[in-house]
Number of protein chains: 2
Amino acid sequence: MKPLFHPALADITVEGIMHALSDPVRAAIYAELADAADALTCSTFLTVRDRDIPKSTLSQHFKTLRDAGLILSERQGVEMKSISRCKEIETRFPGLIPAIMGAHKIQLMGKKKAAARRKPAGT
Amino acid sequence: MKPLFHPALADITVEGIMHALSDPVRAAIYAELADAADALTCSTFLTVRDRDIPKSTLSQHFKTLRDAGLILSERQGVEMKSISRCKEIETRFPGLIPAIMGAHKIQLMGKKKAAARRKPAGT
DNA sequence: CCCATAGTTCGGGATATATGAACTATTGAA
DNA sequence: TTCAATAGTTCATATATCCCGAACTATGGG
């Protein structure tokens, strides 16, 4: 198998990170990876926020995250384990990733509240 | 003229902001607007970092920034003045914009250093 | 009314994205 | 070793987006 490409820390760009996280599915995947204690596989994300993601699409999303320098992936047996590179990125762009993740959490909370307002009791 | 659309603060999304700032030209425009004491016109940016931007493209970039909720534009006579909505956004997503702008500055400094290394004396 | 200025809209070519189908790599039987 | 199952990748292509020149619109003078 073609070895996976991972950019060097110095080659990671803000634009790349912004682009990768401008997609809600990728942002959700990355958020989960960044929180996770250890590596997760692609197929963990076959459904993301109640939406089914085809595996070819998933594969592309992981590639995008990898190319942006956001995650590190490694084959382990038949699966592909990925972890967030947030510690590294923190040394290059201090505070960037936490701010983005924080904003995503705020936004998610807002959406939940709005949904609760639309259907107050178990409807 | 069709009145300009500006999203309500609550409708501003992280994805939208990420997408808008994932383009280096838009990021540069936004950075300048965010720093500026008062409103700037589109044509201020006919060249951005030594690159000429066609005015149709510029117009689209401003629309993208507006739609993302990043700027507020208003016609003043024959021109179009825009200012950053960073104060507002700070109340919705605290720390997000400063972190992104900070990261862009770090990246720019890195590029300048690399350029200086390539041509040490006035070449 | 006509011109100049500042932006916007339109058209179409180039580029990027999503996804089903086919393919590859690895593991674990039989 | 061969076969089947599992996990991802690659390919083809339909769709959507982006970029930019040309034409258009809005505003403010002379």
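Each chain gets a letter, A, B and so on, in the order its sequence line appears, and its residues count up from 1.
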> So, is A:His19 near the phosphate of C:dT17, with a side-chain N or O under 4.0 Å from OP1 or OP2?
Replying inline: yes

* Asked: Within the structure, does a side-chain N or O atom of B:Thr41 lie under 4.0 Å from either OP1 or OP2 of C:dA6?
  -> no

Respond yes when some side-chain nitrogen or oxygen of A:Ser59 is under 4.0 Å from OP1 or OP2 of D:dT9, and no when none is.
yes

Taking for A:Lys55 and for A:Arg26 the nucleotide of DNA chain C with the nearest heavy atom, the one nearer the 5' end belongs to A:Arg26

Here the gap from A:Leu65 atom CG to A:His19 atom NE2, rounded to the nearest 0.5 Å, amounts to 10.5 Å

From CG of B:Leu58 across to P of D:dA22 the rounded distance in Å is 17 Å

Of the candidates C:dT8, D:dT27, D:dT9, the side chain of B:Arg75 sits closest to D:dT27

Check whether the side chains of A:Ser56 and A:Ser59 place a donor and an acceptor atom closer than 3.5 Å, and report yes or no. no

Ranking D:dG8, C:dT8, C:dG7 by distance to the side chain of B:Glu79, first place goes to C:dG7

Taking C:dT19, D:dT9, D:dG8 as options, the one with an atom nearest any side-chain atom of A:Arg66 is D:dT9

DNA chain C nearest-nucleotide lookup for B:Gln60 and B:Thr44: closer to the 5′ end is B:Thr44

Whole-Å distance, A:Leu4 CG to C:dT24 P, equals 18 Å

Atom CZ of A:Phe45 and atom P of D:dG8 are separated, to the nearest Å, by 11 Å

Closest to the side chain of A:Thr57, out of C:dT19, C:dG7, D:dC19, is C:dT19

For C:dT8, does either OP1 or OP2 sit under 4.0 Å from a side-chain N or O belonging to B:Ser56? no

So CG of A:Leu46 and CG of A:Leu58: to nearest 0.5 Å the spacing works out to 5.5 Å

Whole-Å distance, A:Phe5 CZ to D:dT10 P, equals 14 Å

From NE2 of A:His61 across to C1' of D:dG8 the rounded distance in Å is 15 Å

Note to self: Using a 4.0 Å heavy-atom cut-off, does B:Asp23 contact any base of the nucleic acid, only the sugar-phosphate backbone, or nothing at all?
What the structure shows: sugar-phosphate

Testing C:dG7, D:dC19, C:dT26 for proximity to the side chain of A:Val78, the answer is C:dT26

NE2 (A:His104) and CE (B:Met18) are apart, to the nearest 0.5 Å, by 6.0 Å

Taken to the nearest whole Å, CG/A:Leu46 to P/C:dG20 is 12 Å

Atom CE of A:Met80 and atom C1' of D:dT6 are separated, to the nearest Å, by 15 Å

Atom CZ of A:Phe62 and atom P of C:dT17 are separated, to the nearest Å, by 17 Å

In this structure, CG of A:Asp67 is separated from CZ of A:Phe62 (nearest 0.5 Å) by 13.0 Å

